[in-house]
Amino acid sequence: MNKTFNQIVFSVTKLNKTHIQFAMMLLALVLLVLGAGAPEDVGGSGIK
Amino acid sequence: MLTGMGYARWSGRTWHSPVFRAVWLVFLGFLPQLTAVYLPFTRDWASDELASAGLVWSQAILLLFTLINFKVPGMPVLAVGLAFNLTAILANGGFMPLPFETAQKFVDPNILSTLETGRRISNASKDILLAESNIVLPWLSDRFVSPAIIPYRFAFSLGDIFVATGAFWMCLGIQPVRAHKSGDS
């Protein structure tokens with residue numbers, strides 16, 4: 001029982017770390033694209 | 001990213017999210033743009049000169065990040081796009097040039113008449129409105145317009161195309177295939 005619990009705790013911990021790493025990578029990529037790109041919509045006036 | 005996961009599943013491979021080195025450089029590099037262009041409170045406070053300096057420094061730091069992570073699939077393409085945009089910005093006084101002729105294609109005439117040639121579009125913009133004849137390296141400027149079938153119209157540059165392609169490639173997670181040497185596990 002204790003072993004199973006430890007396994008679950010280990011899996012959840014691992015999953016969380018993976019998720020955090022993925023979220024960080026995704027955020028970094030979004031910021032990189034936003035910062036590197038320079039498209040212009042003239043304040044949204046291009047919406048027709 | 002979803003496309004990448006789907007493609008990996010379809011081709012029977014494992015999807016690999018990109019792994020970056022020195023991620024802190026992205027946050028550091030984006031900070032000047034965040035304050036000078038994106039956050040309403042701070043961008044109202046920043047002068048055009050400060051915003052221009054922030055934009056240049058920001059893209060220079062981001063370019064350094066792309067060079068550090070040059071081996072990440074898609075990053076070389078993104079780096080070329082960023083270098084194109086930075087070159088156009090540096091060559092035209094610190095902002096991305098938007099040709100007046102391009103603006104006529106997608107901006108409402110009433111709004112366009114309020115814009116002044118040679119001035120920044122707004123304090124939320126990275127662009128400066130210029131006549132095409134006054135633009136240095138015009139082929140790197142925001143000279144392309146999104147297709148009319150898309151309701152949201154915007155102008156973009158050759159660098160933006162490279163940036164988007166590089167980012168998409170990165171999200172696909174396609175890793176170069178390495179030949180296995182005998183004895184490799």
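No experiment lies behind these values; they were computed from the predicted model shown.
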Same cluster or not: [X] versus [Y], using hydrophobic residues (I, L, V, M, F, W, Y) connected whenever any side-chain heavy atoms lie under 4.5 Å apart?
| X | Y | result |
| --- | --- | --- |
| B:Leu90 | B:Met96 | yes |
| B:Leu86 | B:Leu67 | no |
| B:Leu39 | A:Leu27 | yes |
| B:Leu82 | B:Phe70 | no |
| B:Leu50 | B:Ile89 | no |

CE on A:Met25 to CE on B:Met170, rounded to 0.5 Å: 10.0 Å
Rounded at 0.5 Å granularity, tell me how far CG in B:Leu28 sits from CG in A:Leu31. 12.0 Å
State, with a plain yes or no, whether a side-chain heavy atom of A:Leu29 is found less than 4.5 Å away from one of B:Cys171.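 The answer is yes; the side chains approach within 4.5 Å.
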Would you mind reporting whether A:Leu32 and B:Phe30 have side-chain heavy atoms less than 4.5 Å apart? no
Donor-acceptor pair, distance only, cut-off 3.5 Å: does the side chain of A:Glu40 make one with the backbone of B:Ala155? no
When you measure from the side chain of B:Asp160 to the backbone of A:Gly37, do you find a donor-acceptor pair of N or O atoms at a distance under 3.5 Å?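 No, the answer is negative, given that no donor and acceptor are paired below the 3.5 Å cut-off.
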Part of [X] within contact of chain A (heavy atom distance under 4.5 Å):
| X | result |
| --- | --- |
| B:Phe65 | side chain |
| B:Tyr38 | side chain |
| B:Thr66 | side chain |

Most heavy-atom pairs under 4.5 Å with chain A, out of B:Val23, B:Val19, B:Leu78, belong to B:Leu78
For chain A, which candidate among B:Ser125, B:Pro32, B:Ala167 shows the most heavy-atom pairs at distances under 4.5 Å? B:Ser125
